[in-house]
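Beneath this line is the structure, given in structure tokens, with notes to follow.
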Number of protein chains: 2
Amino acid sequence: MKESSDADEVMGLTGDELLRALSALANPHRLRILAVLHGGRDYVSHLAREIQMSRPLLHMHLQRLEAAGLVVGTLELSDEGKAMKYYEVAPFLMRLTPEAIAEAVKTLTDGEGDGS
Amino acid sequence: MKESSDADEVMGLTGDELLRALSALANPHRLRILAVLHGGRDYVSHLAREIQMSRPLLHMHLQRLEAAGLVVGTLELSDEGKAMKYYEVAPFLMRLTPEAIAEAVKTLTDGEGDGS
DNA sequence: TTCATGTGTCAGATAATCCTGACATGTATC
DNA sequence: GATACATGTCAGGATTATCTGACACATGAA
């Protein structure tokens, strides 16, 4: 997501990265998840109970957010051997303007996104 | 979309409005449309040829953008009696941060958006 | 009238997203 | 072992979003 010292805008993000971030944000559940995590880190099972969402669904949304670089997940071991996956918001700043968008669009690929 | 003098962020937008704007932006075609229109206003048939998109499809995307307040359409009459619908980008500035999102989420409705 | 231009809309197919209910893995406790 | 809690994944259904190919209506010019 790129975190500069002062005022970064969308520059620094490729068109594809911008699109991925916007797609991740374009969902009420994911916005709520970000809002809750902004209040403090949490692990997925607890968070699922917190916001009354099925765990598999929450898992999917968190992956989408993490793929966009908006949250960061860390697998930790509790005092007991329990594996806990904690998520927290990744500090970000996106300054969306017509100019910034026009700039980012220059580096938008056709969609043949591979990656595997 | 709210256009203040200096630095407005997402505040001033309700959660629903923010979600609508993000959803409108979360599409490669619509980003491209914004980028092209940022270079100058245009009417839909011409724009459709420009970006090689079917007119009904472009029409739909433009409606989505207009509903989000990102573009403005004006129906004008050319010198001949032809009705031309010109679109232009509405100047906007969205400062997306975890804080701003958490703030906007407070005014997010459950989804029962009526309006008719 | 016919052709070329512009507008808008609609039904239906395709594609993507979202969501649920399993299932499998692991550890610690009763 | 059975229970409780954590993790991840998958198949399939339900719901949206996207897109195309018509259709409608206008105007001006040949």
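Letters A, B, ... are given to chains in the order of the sequence lines, protein chains preceding strands, and every chain is numbered from 1.
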State which residues pass side chain to side chain donor-acceptor pair (under 3.5 Å) with B:His61; sequence neighbours excluded, sorted by chain then number.
B:Arg30

Identify the pairs formed between an N or O of the protein and an N or O of nucleotides 15-18 of chain C at a distance under 3.5 Å, and give each distance.
| from | atom 1 | to | atom 2 | distance (Å) |
| --- | --- | --- | --- | --- |
| C:dC18 | OP1 | A:Asn27 | ND2 | 3.1 |
| C:dC18 | OP1 | A:Arg30 | NH2 | 3.1 |
| C:dC18 | OP2 | A:Arg64 | NE | 3.1 |

Name all residues meeting the side chain to side chain donor-acceptor pair (under 3.5 Å) criterion together with B:His38; count only those two or more places apart in sequence or in a different chain, and write none if there are none.
A:Glu99

How would you list, by chain and number, every residue that makes a salt bridge (charged side-chain N to carboxylate O under 4.0 Å, His left out) with B:Arg41, sequence neighbours excluded?
B:Glu76

Report the residues that fulfil side chain to side chain donor-acceptor pair (under 3.5 Å) with A:Asp42, sequence neighbours left out, ordered by chain and then residue number.
A:His46

Along DNA chain D, 5' to 3', what are the outermost nucleotides having an atom less than 4.0 Å from a heavy atom of chain B?
D:dT18 to D:dG28

What salt bridge (charged side-chain N to carboxylate O under 4.0 Å, His left out) pairs are there with at least one residue in residues 47-67 of chain A, not counting sequence neighbours?
none

B:Leu77: hydrophobic cluster co-members (side-chain, 4.5 Å):
none

Listed once per pair and sorted, the salt bridge (charged side-chain N to carboxylate O under 4.0 Å, His left out) pairs that draw on residues 78-88 of chain B, sequence neighbours left out:
none

Residues clustering with A:Leu75 (ILVMFWY side chains joined when closer than 4.5 Å, directly or via others)
none

Note: for A:Glu80 and A:Met53 on DNA chain C, the residue whose nearest nucleotide lies more 5' is A:Met53

Reckon A:Ser54 has a side-chain N or O less than 4.0 Å from the OP1 or OP2 of C:dT20?
yes

Below 3.5 Å between N/O atoms, which protein atoms pair up with nucleotides 5-7 of chain C? Just atom names and distances, please.
| from | atom 1 | to | atom 2 | distance (Å) |
| --- | --- | --- | --- | --- |
| C:dG6 | OP1 | B:Tyr43 | OH | 3.0 |
| C:dG6 | OP1 | B:Arg49 | NH1 | 3.3 |
| C:dG6 | OP1 | B:Arg49 | NH2 | 2.6 |
| C:dG6 | OP2 | B:Arg49 | NH1 | 2.7 |
| C:dT7 | OP1 | B:Val44 | N | 3.4 |
| C:dT7 | OP2 | B:Ser45 | N | 3.1 |
| C:dT7 | OP2 | B:Ser45 | OG | 2.1 |
| C:dT7 | O4 | B:Arg55 | NH2 | 2.7 |

Which Ile, Leu, Val, Met, Phe, Trp or Tyr residues join B:Tyr43 in one cluster when any pair of side-chain heavy atoms under 4.5 Å counts as a link?
B:Met84, B:Tyr86

Heavy-atom closest contact (A:Leu70 atom, A:Ala24 atom, distance):
CD1-CB, 3.9 Å

